[in-house]
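Here the structure is laid out as structure tokens; the discussion comes afterwards.
All values below come from the heavy atoms of this structure, side chains included, with hydrogens, waters and symmetry mates left out. Given the structure is predicted, the values throughout are model-derived calculations rather than measurements. Order of listing sets the numbers, starting from 1, for every ligand and every atom in it.
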Amino acid sequence: MILRDSENSCTFKDVWVLAEFAGGKVHNVTYELLGAAKKLSDKLLRKSRVVCLVLGEGTGTAAEKFFHYCADVVITVDDVSLKTFNDTVYASVISRLVKKYKPEILISGATSRGRSIMPRVAVLVETGLTADCTGLDIEEGTGLLLQTRPAYGGNIIATIKCEHHRPQMSTVRQGVFKAPVPDNSGTGEVIEENVLEAEKKTRISVIEESFSEDKGINLSDADIIVTGGRGVKGPKGFNMIAELAKVLKGAVGASRAAVDSGWISYTHQVGQTGRTVQPKIYIACGVSGQIQHLTGMQSSDFIIAVNKDAEAPIMKLADVAIVGDLFEVIPEIIKLLKSGIQADFKKLKTTAESRD
Ligand SMILES: Cc1cc2nc3c(=O)[nH]c(=O)nc-3n(C[C@H](O)[C@H](O)[C@H](O)COP(=O)(O)OP(=O)(O)OC[C@H]3O[C@@H](n4cnc5c(N)ncnc54)[C@H](O)[C@@H]3O)c2cc1C
């Protein structure tokens with residue numbers, strides 16, 4: 001929708017978060033985005049509300065929780081036609097509601113669903129979309145949404161504005177923002193909307209929907225991540241990384257160089273083209289810290305880097321930088337941990353938690 005001078009930004013109001021609701025569950029990125037939306041709405045020039053839009057079947061149960069995570073209004077579209085995910089149906093419903101309520105900002109998780117729906121909505125309502133943002137803010141003076149993301153293969157960090165169209169739309173990866181501490185007393189207004197018959201007509205028919213069950217530790221949820229880079233030198237080196245992760249009850253991460261070398265699977269990759277993580281403790285072993293890697297882990301609470309090059313970029317970002325050969329340092333740490341200094345690591349984790 002074009003923002004004309006005669007139809008100034010007053011026509012468009014509120015910050016919307018498109019909730020991810022699948023298989024009866026709310027994806028954690030929704031809560032993270034609600035917290036971010038609250039910060040954005042507080043900075044907007046005019047008073048605006050945080051509105052959570054949720055589509056699916058049985059969405060009513062989720063609505064109350066959104067109020068605990070900063071939502072002022074929840075718009076629910078509860079319909080059996082939304083039980084299985086069909087991006088064209090979802091996009092038609094969302095774009096109609098966007099045209100009806102005219103939000104100033106609309107954000108969603110850069111999940112596979114968000115990535116599928118948001119470009120369709122952007123086209124249907126004729127506005128822009130900044131995908132995979134690593135930061136969102138409001139520009140002082142103009143009140144425009146500042147959408148930050150890596151560009152040109154991660155060589156620059158670009159800040160993108162959408163000046164003439166509304167809503168300003170972005171997708172954001174899980175882990176970029178922290179979910180706020182829930183306020184169980186939070187309440188708000190619920191608006192119920194429907195799916196129109198015409199919107200149910202689609203050329204795509206979903207035959208079956210199944211959810212993958214990741215048996216390993218989910219990187220995005222891990223409190224401690226031990227990551228290996230090219231310096232680990234091979235799959236054998238990753239056994240040592242895995243051992244350290246196990247002692248610390250953490251997860252194993254990897255740089256793209258390690259993944260591309262075939263030493264570990266892609267599901268472990270941290271960075272621009274991997275996962276975005278924000279653990280309490282991130283231990284980078286033999287990782288140089290190129291921008292594409294840092295993009296995925298720089299929000300970690302406490303960073304420890306082990307590298308033989310004191311000048312590696314990761315060493316400047318690290319809270320503790322250990323200069324040395326990881327093949328000497330890591331076994332020593334494992335030995336110390338096994339012989340009973342876990343208490344110190346627990347203390348470190350608590351310190352990191354208290355800095356939240
Ligand atoms: C479009 C694009 C997307 C990308 N996405 C990602 C991404 O998602 N994630 C990602 O990680 N990268 C990504 N990259 C790649 C990124 O640019 C780097 O190439 C990569 O992160 C380097 O991995 P590394 O730090 O393991 O290897 P290197 O840069 O080679 O660093 C290895 C480090 O190990 C140290 N070292 C070597 N031996 C030892 C030892 N014995 N003891 C201690 N230290 C040692 C070295 O001093 C060096 O600092 C992307 C690149 C592009 C262009």
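Here the shortest heavy-atom distance to atom 48 (C) of ligand 1, taken over T295, N307, T227, belongs to N307. Here atom 41 (N) of ligand 1 lies nearest to D325 when heavy atoms of I330, D325, I314 are compared. Considering S288, G296, S261 only, the shortest heavy-atom separation from atom 31 (O) of ligand 1 involves S288.
Note: no N/O pair closer than 3.5 Å links A254 and ligand 1 by distance alone. In terms of polar-atom proximity, V270 is counted as a contact of ligand 1, with an N or O under 3.5 Å from an N or O of the ligand. Geometrically, ligand 1 and G229 share no nitrogen or oxygen pair separated by less than 3.5 Å. Here's the thing with Q290: none of its N/O atoms is less than 3.5 angstrom from an N/O atom of ligand 1.
Checked by atom type, the side-chain pair T88/T202 shows a donor-acceptor distance below 3.5 Å. No hydrogens or angles considered: nothing links the side chains of E199 and S92 as a donor-acceptor pair under 3.5 Å. Between the side chains of T76 and E192, no donor N or O sits under 3.5 Å from an acceptor N or O. Side-chain contact of Q147 with S170: a donor-acceptor pair under 3.5 Å is present, judged by distance alone. A side-chain donor-acceptor contact under 3.5 Å links T142 and E139.
Using a 4.0 Å cut-off to heavy atoms of G271, the atoms of ligand 1 that qualify are 7 (C), 8 (O), 9 (N). For ligand 1, the atoms lying closer than 4.0 Å to a non-hydrogen atom of G324 are 42 (N), 43 (C). If you number the atoms of ligand 1 from 1 as listed, the ones under 4.0 Å from a heavy atom of K233 come out as 37 (C), 38 (N), 39 (C), 41 (N). Those atoms of ligand 1 with a heavy atom of F327 less than 4.0 angstrom away are 41 (N). Taking every heavy atom of K308 and a limit of under 4.0 angstrom, the matching atoms of ligand 1 come to 37 (C), 38 (N), 39 (C), 40 (C), 43 (C), 44 (N), 45 (C). Against a heavy-atom cut-off of under 4.0 Å, D309 is close to the following atoms of ligand 1: 47 (O). The S255 neighbourhood of ligand 1 comprises atoms 11 (O), 23 (O), 24 (P), 26 (O), with distances under 4.0 Å to a heavy atom of that residue. Set against the non-hydrogen atoms of T273, the atoms of ligand 1 under 4.0 Å away are 3 (C), 4 (C), 5 (N), 6 (C), 7 (C), 8 (O).
For the pair E193 and K100, the salt-bridge criterion is met [side-chain N within less than 4.0 Å of a carboxylate O]. Look at D260 and R230 and you find no salt bridge, because none of the NZ, NE, NH1 or NH2 atoms lies under 4.0 Å from a carboxylate O. One finds no salt bridge joining D325 and K308 here, because no Lys/Arg side-chain nitrogen approaches an Asp/Glu carboxylate oxygen to under 4.0 Å.
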Practice item. For Q298 and Y282, run side-chain hydrogen bond (donor to acceptor under 3.5 Å, both in side chains): C-alpha distance rounded to whole Å, both residues' side-chain angles, the deciding distance at 0.1 Å, then the answer. Key: CA-CA 9 Å; Q298 59 199 357; Y282 188 88; over 6 Å; no
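When the shell of 6.0 Å around NZ of K25 is examined, it contains 12 or fewer heavy atoms from other residues, nucleotides or ligands.
Under a 4.0 angstrom heavy-atom cut-off, C285 registers as lying outside contact with ligand 1. For G274, the heavy-atom gap to ligand 1 drops under 4.0 angstrom.
Contact record, F238 with G253: CE2-O, 3.7 Å, taken as the closest heavy-atom pair.
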